[in-house]
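One structure is given below, encoded as structure tokens.
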Amino acid sequence: MNKLYPDAAAALAGIVKDGQTIAVGGFGLCGIPEALIAALRDSGVTGLTAISNNAGVDGFGLGQLLNTRQIRKMIASYVGENKEFERQYLAGELELEFTPQGTLAEKLRSGGAGIPAFFTKTGVGTIVAEGKEIRVFDGERYVMERSLVSDVSLVKAWKADPVGNLVYRKTSRNFNPNVAMAGKITIAEVEELVALGEIDPDAVHTPGIFVHRIVVNKHPEKRIEQRTVRAQ
């Protein structure tokens with residue numbers, strides 16, 4: 001099975017549709033699948049539910065899809081860097097499901113592992129727990145969280161081999177492994193494609209069984225979210 005596609009648009013072709021749930025890796029602008037997000041924007045699909053730690057920034061990352069009104073709902077843990085997100089949410093134009101960061105990671109991991117729900121103490125007694133089942137274990141209250149499974153997952157990795165084994169680079173790993181697991185179909189954007197067997201099995205972060213399509217982007221922009229410099 002050939003998993004390699006010539007570009008991001010081709011990798012999304014026949015996969016993305018209106019109204020889907022799309023999970024996207026990254027933390028801030030670190031480790032985001034830049035080319036795949038841009039191709040998703042250009043595909044014109046609408047009514048999306050986007051699962052991601054955050055919504056990018058104005059005009060970049062998932063912020064591009066907010067500008068084009070392609071996202072109907074965000075499931076995220078942090079949205080503080082995006083003014084357009086704030087405007088749409090406060091205006092009632094965008095649905096938001098806030099999820100604590102660790103809970104979001106576990107919801108994705110559990111979804112990929114076939115676990116439909118789990119209990120956590122995080123959020124008990126707050127608006128996060130409203131409408132959810134609460135159960136007591138060993139005298140402590142826990143809230144039940146449903147796991148997340150996406151129709152399509154978009155992830156960014158450093159290296160891949162032809163069967164889709166992925167290696168992430170340093171902090172750009174972040175949410176990507178969990179997002180990759182949670183996708184019914186997972187598309188990986190990578191900087192380098194290496195020969196089969198070149199990646200040490202112990203170095204594989206995401207096994208190829210979770211990856212369905214690969215696209216190479218050798219020169220991603222890798223914007224810095226907040227550039228700070230020292231005064232001379």
Side-chain angles (χ1 to χ4, degrees), residues 3 5 7-26 32-79 82-99 103-117 128 130-132 144-156 175-176 178-189 210-215:
K3 296 185 178 182
Y5 284 73
D7 53 45
L12 295 179
I15 298 297
V16 294
K17 301 175 183 178
D18 293 348
Q20 284 183 322
T21 296
I22 309 288
V24 183
I32 65 170
E34 300 174 17
L36 287 170
I37 292 172
L40 184 62
R41 175 202 61 201
D42 295 342
S43 74
V45 295
T46 60
L48 299 175
T49 295
I51 305 169
S52 187
N53 177 67
N54 61 289
V57 297
D58 293 303
F60 196 68
L62 286 177
Q64 298 173 91
L65 276 72
L66 289 173
N67 289 345
T68 52
R69 304 300 183 87
Q70 290 169 268
I71 296 176
R72 177 189 65 83
K73 177 181 178 180
M74 277 293 308
I75 300 175
S77 65
Y78 176 71
V79 294
N82 195 310
K83 293 296 184 183
E84 177 59 16
F85 185 106
E86 177 185 7
R87 190 201 65 75
Q88 288 186 25
Y89 174 63
L90 293 177
E93 301 170 4
L94 179 69
E95 189 177 346
L96 171 61
E97 183 178 320
F98 260 137
T99 304
T103 301
L104 180 61
E106 181 60 15
K107 284 164 78 79
L108 290 162
R109 190 204 68 82
S110 294
I115 301 168
V128 170
E130 290 181 1
K132 298 174 182 177
M144 188 181 80
E145 294 283 0
R146 289 296 307 269
S147 301
L148 291 170
V149 175
S150 61
D151 296 305
V152 179
S153 282
L154 309 179
V155 299
K156 166 66 186 299
F175 276 79
N176 279 295
N178 292 356
V179 168
M181 288 180 64
K184 294 178 182 176
I185 297 175
T186 294
I187 306 173
E189 176 182 329
F210 291 111
V211 178
H212 303 85
R213 298 187 174 191
I214 305 166
V215 61

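Quick caveat, the model's predicted, so the values are computed rather than measured.
In this structure, the side chains of Y5 and I214 stay at 4.5 Å or more apart for every pair of heavy atoms. Between T49 and E95, the closest side-chain pair of non-hydrogen atoms is not below 4.5 Å. Side-chain contact between T46 and R69: absent, with no pair of heavy atoms (C-beta onward) separated by less than 4.5 Å. Contact check for L104 versus I51: side-chain heavy atoms found under the 4.5 Å cut-off. Here the side chains of I115 and R109 are in contact, with some heavy-atom distance below 4.5 Å. At least one side-chain heavy atom of K132 sits less than 4.5 Å from a side-chain heavy atom of E145. In this structure the side chain of E34 reaches within 4.5 angstrom of the side chain of E189, judged on heavy atoms. You'll find the side chain of T186 reaches within 4.5 Å of the side chain of V155, heavy atoms only.
Here the CG-CD1 distance, from N176 to I32, works out to 10.0 Å after rounding to the nearest 0.5 Å. Going from atom CD of E97 over to atom OG of S77 covers 12.0 Å, rounded to the nearest 0.5 Å. Atom OH of Y78 is separated from atom CG of N53 by 9.5 Å, given to the nearest 0.5 angstrom. One distance of note links CD of Q70 with CG of D42; it measures 8.5 Å at 0.5 Å rounding. In this structure, the separation between OH on Y89 and CG on L96 is 5.5 Å, given to the nearest 0.5 Å. Here I22 contributes atom CD1 and I37 contributes atom CD1; the two are 11.0 Å apart, rounded to the nearest 0.5 Å.
Judged purely by atom type and a 3.5 angstrom limit, D18 has no side-chain atom pairing as donor or acceptor with the backbone of G47. In terms of modelled atom types and a separation under 3.5 Å, the side chain of Q64 and the main chain of G56 share no donor-acceptor contact. With S153 contributing its side chain and A180 its backbone, the two residues share no donor-acceptor pair below 3.5 Å. Under the 3.5 Å distance criterion, the side-chain polar atoms of K3 are matched with a main-chain donor or acceptor of V211. Not one N or O on the side chain of T103 forms a donor-acceptor pair closer than 3.5 Å with the backbone of T99. With hydrogens and angles ignored, the 3.5 Å screen pairs no side-chain donor or acceptor of Q88 with any backbone N or O of F85. Formation of a donor-acceptor pair under 3.5 Å by the N178 side chain with backbone atoms of A105 is found in this model. Side-chain atoms of D58 come within 3.5 Å of backbone N or O of E84 as a donor-acceptor pair. The backbone N or O of T21 sits less than 3.5 Å from a side-chain atom of D151, completing a donor-acceptor pair.
Annotation for I185 and H212: closest pair CA-ND1, 3.5 Å, computed over non-hydrogen atoms. Shortest non-hydrogen contact noted between S150 and G183 is OG-CA, 3.3 Å. The two residues L40 and L48 make their nearest non-hydrogen contact at CD2-CD1, 4.2 Å. When all heavy atoms are compared, the tightest approach of L65 to T68 is O-OG1, 3.3 Å. The heavy-atom pair separating A39 from A9 by the smallest distance is CB-N, 3.8 Å. The two residues P33 and L154 have their closest heavy-atom pair at CG-O, 3.7 Å.
No more than 12 heavy-atom neighbours from other residues, nucleotides or ligands sit within 6.0 angstrom of CZ on R146. For CZ of F60, the number of neighbouring non-hydrogen atoms (other residues, nucleotides, ligands) closer than 6.0 Å is greater than 12.
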Exercise for the section: Determine, stepwise, if the pair I75 / F98 fulfils side-chain contact (heavy atoms from CB on, under 4.5 Å). Expected result: CA-CA 6 Å; I75 300 175; F98 260 137; over 6 Å; no
Exercise for the section: Would you sort out whether V152 and K184 count as a side-chain contact (heavy atoms from CB on, under 4.5 Å), showing the intermediate values? Expected result: CA-CA 6 Å; V152 179; K184 294 178 182 176; over 6 Å; no
